[in-house]
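Written below as structure tokens is the structure these notes are about.
Heavy atoms only: backbone and side chains are in, while hydrogens, waters and symmetry mates are out. To find a chain, count down the sequence lines: A is the first, B the second, and so on, and within it residues start at 1.
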Protein chains: 2
Amino acid sequence: MLKDWNKPERPSDDEIDTRLKIARENLTRNQIKVKEGKIPVFVIFEGWGAAGKGSLVGRIIKNMDPRFFNVESVKYSTDEEKRRPFLYKYFTRIPEQGEFAFLDGGWMRDIVGGKMSGELSDKEYRKRVDSTKRFERTLADNGYLVMKFFFQIDKHEQKKRLETLLEDDTTNWRVSKHDLKQNKKYDEYLEAFDSFMYDTNLSNAPWYMIDAKERKWAELQILDIINQGIETALLNQGHAVPILQNTFALKKIPKLSEVSLDKKLTDEEYKEELDKLQKKLGRLHNELYQKRIPVIIGYEGWDAAGKGGNIKRIAEALDARGYVVNPIASPEPHEKARHFLWRFWTRLPKSGHVAIFDRTWYGRVMVERLEGFCSENDWQRAYNEINEFEKELHDWGAVVIKFWVQIDKDTQLERFTLRQNTPEKRWKITDEDWRNRDKWDDYETAVDEMLEKTNTSFAPWHILESNDKKYARIKALKIVIKAIEDKLEQVEKN
Amino acid sequence: MLKDWNKPERPSDDEIDTRLKIARENLTRNQIKVKEGKIPVFVIFEGWGAAGKGSLVGRIIKNMDPRFFNVESVKYSTDEEKRRPFLYKYFTRIPEQGEFAFLDGGWMRDIVGGKMSGELSDKEYRKRVDSTKRFERTLADNGYLVMKFFFQIDKHEQKKRLETLLEDDTTNWRVSKHDLKQNKKYDEYLEAFDSFMYDTNLSNAPWYMIDAKERKWAELQILDIINQGIETALLNQGHAVPILQNTFALKKIPKLSEVSLDKKLTDEEYKEELDKLQKKLGRLHNELYQKRIPVIIGYEGWDAAGKGGNIKRIAEALDARGYVVNPIASPEPHEKARHFLWRFWTRLPKSGHVAIFDRTWYGRVMVERLEGFCSENDWQRAYNEINEFEKELHDWGAVVIKFWVQIDKDTQLERFTLRQNTPEKRWKITDEDWRNRDKWDDYETAVDEMLEKTNTSFAPWHILESNDKKYARIKALKIVIKAIEDKLEQVEKN
């Protein structure tokens, strides 16, 4: 790609000036269309050190209303970011609908940089390329306009620019060791960039190479591409997106109607087991913390199935400083304005910590599906997006556990009635719970489909038979312990 | 305080067990009342290293629903936190209404630690104590239940515990150098803690000393205090809070009706000045970045006064990677559920960066006042809270600039009509704008009062006469440049 690139022919100065004026006006108009059309626009500037990415961002946004965009420079990862999955830094920065986000340097710099420094093994590198492709495709499928620019200058030009920056006391701080190394090993980097771009040149998130030798000419190239991108995106709005086939191995899982719910524990068995298992889990948590292994536990289940009490039995075994319970309600406006997984990405635990989700990202294929909060195309596509999300967590090194807390319809009625009649439990029951109950059959269909399509080996579902809550709690503890032990053993081996 | 503390008499084992059972049940009940009463509860655990704060948090929350609380350990500041004002780490962690936040170690550790290590000068130390007092009082005034516990053990007990932890391979990582130093210099630390607690023992955020030698007994003391605190807070709900007198020197500022709006610039004057001033601001931004000085610019003004265009002229002079424009709309649910300044604390710039606010925290004393979104007591109190907030920013080292963009009523009507009739401007005008226009006189009264009460030397207001937008833009640029130059000069001197 980059190696064989044919530079576009540079127009005359006059022509550049004329076209630049038009292009700038177009962007000023297009930003309003983006706002009105609720399109999120994600623009990533990559390229050689000293190629002028930063100053070009500055020129581009001069034509825009500052309320409509964010510019972020993500050159260095913060401590918080280093303890999260590789994509965290980027997924948390996706723009809202109707807004632009400009990244001055993105994931390509991280990945190619890691490859060149030897921090990433070949295998790790391949994994990250795959992650990138999925990430970009997911955004594009969800209506994001993703535009990736590569600022190209040749070795000689880069050297000249770095030297000029170094000569001046007020600019020499802008030259990093990495920039100098890049220039020295220009050809190797060229090879690495080329290969990365070749692999990640997707039709819905293509690479645009920019001749960056002159500012004005570079600005014109970029503006034209952005304007064209916006106009195309507006035309394509509302197009249905192909639903990708699942690409992960799925394990068999019974339908809810096949689950026998008569499992029980006596009070004595329960107390004894609870005490023993909680102590064990407490010890394991300590080990997880020291080995920096993150754990993510998701709970889904019928209303009044006993999620809260179940979570409590897990949580109370853990060191209070090392876990968080995230109760997930309906999304707030700034959350609704982004990809549905955004609010889960932003809530991921740090390495070594445990995050428990009381309701999860599976809302997309249950309540959002059944209440029509998203289109059929959206929720159909979500199964694969969720599997990919969980794969990302798994590859990061997390233990991922998903519980479906199961009860039958009669038990739910009993518990609803009890809640209604007990003053200190009444806050737990709302009209919505009753409305959901009326849709039991629809939900059951949706849940069965969800369990079937997302029961992967790296993030398996576990059904907790919770007509007897005690049984369900002990089972959950055992599953969590087993999953952690397996992970620790595996880490030990490597 | 701590030095002269009379330990409470320890009850018998049996009595502790009986009372503990009752206290735990009370907390289980009280958490629901907190939820229903929408009280935010902020519990801070301070004390000696190895006094058992972490494990006590764990015991306390065992009695609670995990969806109702957060536990945070803030021992180390992240990179992001280090580049923000000292209170940032804590203000961003205040709980939502109806929820508990437990901090395992809080601002006292930071401040006393800084004093003992010599990082904080005496003057800096005094400043932080004052900040702390204001912070706690602001929370309490806004209905927060703030409870601060100090875990007391004697020198000998601490030594014993540290040695036990060190002996065991699975626990020795929990002992920090700081813990060991603390034990060695126990008496000096005792003096420092005592003095800090004496200074910050406020009636609405008092210190509770806990005899932490035995876990069960410590838990009982804490539970009893928390339960009592909640019950008192519930009784006091809705009590009006005394409005503190302003304690900062205020500068005189004209009433809006006295502002003459006939100032004008020709197109030539404008272009020439704009170009010159923007170049200058661009250079200054570079200096700010290198010297790590943060800048906060707030814009308020009538609808259609020209805020957007004014902001644009400032923003386009800046390096895109070093500033953010924060458009402030009505608060989202999670923002409304916290102190009104929370959503501004979370949006503060990093040191060296510029944050521009398109509408600000002054919404509290304008729209929220006039639309009845808060009580009179709330907005009356807000003037002082805002002055204190801005003082905090100033003391951190920030340049704080506030603009009121002024036009007359006829000019507004002209611009509204133009927007209505111009397709690409129509998005800028809503029914609400027309409704607000009807309340012009009420707003003018509120704005005059606001300007008068918050025109401090450290965060002054500047009125931008914007009947001629060009004039207003040039004036804004000059003010920003002057403020930055003054700050740089001052930094140079020190």
Side-chain angles (χ1 to χ4, degrees), chain A residues 28-29 32 35-36 54-73 75-80 102 104 170-171 173 282-283 286-287 289-290 308-309 311-312 314-316 318-327 329 332-335 356 358 424-427, chain B residues 28-29 32-33 35-36 54-73 75-80 102 104 170-171 173 282-283 286-287 289-290 308-309 311-312 314-316 318-327 329 332-335 356 358 424-425 427:
Chain A
T28 305
R29 255 194 309 279
I32 314 281
K35 187 95 201 155
E36 288 171 345
S55 85
L56 246 309
V57 176
R59 291 173 83 100
I60 300 292
I61 59 176
K62 282 213 169 94
N63 311 294
M64 299 179 63
D65 186 311
R67 288 167 292 186
F68 296 172
F69 65 82
N70 264 309
V71 177
E72 302 227 41
S73 180
K75 214 163 185 165
Y76 307 103
S77 295
T78 64
D79 298 344
E80 295 283 300
F102 292 93
D104 173 23
T170 67
T171 55
W173 59 277
R283 281 192 303 272
N286 219 333
E287 258 191 86
Y289 183 78
Q290 291 181 264
I311 290 173
K312 199 164 176 304
I314 303 284
E316 64 189 18
L318 305 173
D319 185 316
R321 294 160 292 186
Y323 80 89
V324 168
V325 176
N326 295 300
E332 296 196 4
H334 71 292
E335 297 171 331
I356 301 176
D358 182 2
E424 68 265 29
K425 294 199 171 179
R426 209 168 290 147
W427 65 275
Chain B
T28 305
R29 256 195 308 279
I32 314 282
K33 293 190 194 155
K35 188 94 201 156
E36 288 172 345
S55 86
L56 246 312
V57 175
R59 291 174 85 99
I60 301 292
I61 59 175
K62 282 212 168 95
N63 311 293
M64 299 178 64
D65 187 311
R67 288 167 292 186
F68 296 172
F69 66 82
N70 263 310
V71 177
E72 302 228 41
S73 181
K75 215 162 185 166
Y76 307 103
S77 295
T78 64
D79 298 345
E80 295 284 299
F102 293 92
D104 174 23
T170 67
T171 56
W173 59 278
R283 280 193 302 272
N286 220 332
E287 258 192 85
Y289 183 78
Q290 290 181 264
I311 290 173
K312 200 164 175 304
I314 303 284
E316 64 190 17
L318 305 172
D319 184 316
R321 294 161 291 186
Y323 80 89
V324 167
V325 176
N326 294 300
E332 296 197 3
H334 71 291
E335 297 172 330
I356 301 176
D358 183 2
E424 69 265 29
K425 294 197 171 181
W427 65 276

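Most heavy-atom pairs under 4.5 Å with chain B, from the set A/His334, A/Lys35, A/Glu72: that is A/His334. For the set A/Met64, A/Arg283, A/Arg29, A/Arg59, the entry with the most heavy-atom pairs within less than 4.5 Å of chain B is A/Met64. Among B/Val71, B/Thr28, B/Ile61, the residue with the largest count of heavy-atom pairs under 4.5 Å with chain A is B/Val71. Contact count against chain A (heavy-atom pairs under 4.5 Å) is highest for B/Pro66 among B/Pro66, B/Gly309, B/Pro327. When each of A/Leu318, A/Ile311, A/Asp104 is scored by its heavy-atom pairs under 4.5 Å with chain B, the top score falls to A/Asp104.
The two residues B/Arg321 and A/Ser55 make their nearest non-hydrogen contact at NH2-N, 4.5 Å. When all heavy atoms are compared, the tightest approach of A/Arg67 to B/Gly308 is NH2-CA, 4.1 Å.
Within the 4.5 angstrom heavy-atom criterion, only side-chain atoms of A/Val324, from C-beta onward, approach chain B. Of the two parts of B/Phe68, only the side chain, counted from C-beta on, holds a non-hydrogen atom closer than 4.5 Å to a non-hydrogen atom of chain A. Residue A/Glu287 does not touch chain B at all, counting heavy-atom pairs closer than 4.5 Å. Contacts of A/Tyr76 with chain B are absent, with no heavy-atom separation under 4.5 Å from either backbone or side chain. Looking at A/Asp358, only its side chain comes within 4.5 Å of chain B, counting heavy atoms on both sides.
Summarising the geometry, atom CD belonging to B/Glu36 is positioned 9.5 Å from atom CZ belonging to A/Arg426; distances are rounded to the nearest 0.5 Å. Remark: A/Lys312 NZ to B/Asn63 CG distance equals 6.5 Å, nearest 0.5 Å. The OG1 atom of B/Thr78 sits 5.0 Å away from atom CD of A/Glu80, with the distance rounded to the nearest 0.5 Å.
Under the rule for a ring-ring contact (aromatic ring centres under 6.0 Å, His included), B/Tyr323 has no partner lying at least two apart in sequence or in another chain.
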